[in-house]
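First comes the structure, then the notes that go with it.
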Amino acid sequence: VIEVAEEPAAAAYGEGHIPGAISWFWKEALWHPTDREFPAPAEMAERLGRAGAGPDTALVLYSPRVQFGAYAFWVLQMCGHPDVRLLDGARKKWAAEGRPLTKEVPGFPPVNYPPQRADPSSRIGREGVRAGLGDARRLLLDVRAGDEYRGERVRSAPGPDHGAERAGRIPGAVHLFFRELLNEDDTVKPGGELRAL
């Protein structure tokens with residue numbers, strides 16, 4: 001179980017986390033160390049092995065804000081880890097249901113983790129997006145907050161207005177804020193509701 005933290009020294013983890021969960025700072029664990037890129041499968045294998053996870057380990061991800069766990073889910077799948085799961089409702093639902101939290105930090109012995117085969121099928125690059133502009137058979141969803149989509153900010157409020165390199169959206173992008181896909185308790189809405197959205 002991995003709690004994916006938004007900040008390097010996550011206060012939420014120290015105040016209490018799911019028993020047996022380790023903490024990963026999302027940028028350190030899920031980015032390439034020097035490039036604005038995802039880690040290669042070999043890098044991810046080394047990080048997982050150091051955490052005590054092998055290729056046969058089921059990884060359960062969650063975060064205080066649901067999007068960080070979802071991001072980790074995506075990256076780990078692209079790096080080829082065979083069994084990745086996202087805790088529906090994240091930390092919010094777990095805590096609201098009165099489930100156990102602990103301050104105990106677990107330690108797992110490192111294991112040998114051979115690199116897995118990358119699966120980039122859920123990713124598209126700039127040229128792929130550009131090639132699809134104006135194609136009625138393609139739908140590009142912009143899942144950021146409305147103020148970001150409208151070009152009023154480069155990061156949604158509140159907080160400092162920094163993030164994207166410039167304001168605006170890709171031409172033709174349709175807005176569907178990611179929060180609309182979730183219930184109030186951070187669980188994912190049922191399939192029928194998602195299809196309707």
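From a predicted model like this one, the values you see are computed outputs, not experimental measurements.
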For the pair Asp186 and Arg179, evaluate salt bridge (Lys or Arg N to Asp or Glu O under 4.0 Å) and give the outcome as yes or no after the intermediate values.
CA-CA 8 Å; Asp186 280 352; Arg179 290 290 325 168; 2.7 Å; yes

Does atom [atom1] ([X]) have a neighbourhood of more than 12 heavy atoms from anything else shown, all under 6.0 Å?
{"X": "Ile124", "atom1": "CD1", "value": "yes"}
{"X": "Glu97", "atom1": "CD", "value": "yes"}
{"X": "Glu193", "atom1": "CD", "value": "yes"}
{"X": "Glu127", "atom1": "CD", "value": "yes"}

Check: [X] side chain, [Y] main-chain N or O, donor-acceptor pair, under 3.5 Å:
{"X": "Glu3", "Y": "Val1", "answer": "no"}
{"X": "His81", "Y": "Val84", "answer": "no"}
{"X": "Tyr62", "Y": "Ile18", "answer": "yes"}
{"X": "Trp24", "Y": "Ala72", "answer": "no"}
{"X": "Lys93", "Y": "Leu87", "answer": "no"}
{"X": "His17", "Y": "Thr102", "answer": "yes"}
{"X": "Arg91", "Y": "Ala12", "answer": "yes"}
{"X": "Asp119", "Y": "Ser121", "answer": "yes"}
{"X": "Glu148", "Y": "Ala145", "answer": "yes"}
{"X": "Glu43", "Y": "Ala40", "answer": "yes"}

Where do Trp31 and Phe38 land on the ring-ring contact (aromatic ring centres under 6.0 Å, His included) test, with the steps shown first?
CA-CA 5 Å; Trp31 279 20; Phe38 300 116; 8.4 Å; no

Quick one, Asp147 with Tyr149, criterion side chain to side chain contact (heavy atoms under 4.5 Å, CB included). Give me CA distance, side-chain angles, the key distance, then yes/no.
CA-CA 6 Å; Asp147 52 1; Tyr149 175 77; over 6 Å; no

Measure across [X] and [Y] and return the closest heavy-atom pair with its distance rounded to 0.1 Å.
{"X": "Pro106", "Y": "Tyr13", "result": "CD-OH, 3.6 Å"}
{"X": "Leu61", "Y": "Gly69", "result": "CD1-O, 4.0 Å"}
{"X": "Pro115", "Y": "Ala45", "result": "CA-CB, 3.7 Å"}
{"X": "Val75", "Y": "Met44", "result": "CG1-CE, 4.0 Å"}
{"X": "Asp83", "Y": "Arg85", "result": "OD1-NE, 2.8 Å"}

Under 30°, 30 to 60°, or over 60°: which ring-plane class applies to Trp74 and Tyr71, parallel, tilted or perpendicular?
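Aromatic pair Trp74/Tyr71 classed perpendicular.
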
Basic-acidic side-chain contact under 4.0 Å: Arg144, Glu180:
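Result for this pair is no, no salt bridge flagged.
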
Starting from the C-alpha separation in whole Å, work towards a yes-or-no answer on side chain to side chain contact (heavy atoms under 4.5 Å, CB included) for Leu140 and Val174.
CA-CA 6 Å; Leu140 181 63; Val174 175; over 6 Å; no

Can you list the steps and then say if Leu181 with Leu197 is a side chain to side chain contact (heavy atoms under 4.5 Å, CB included)?
CA-CA 8 Å; Leu181 307 175; Leu197 286 167; 4.1 Å; yes

Does any non-hydrogen side-chain atom of Glu184 lie less than 4.5 Å from one of Lys92?
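In short, these two side chains touch, coming nearer than 4.5 Å.
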
So Tyr113 and Thr57, side chain to side chain contact (heavy atoms under 4.5 Å, CB included) or not? Walk me through it.
CA-CA 10 Å; Tyr113 190 124; Thr57 303; over 6 Å; no

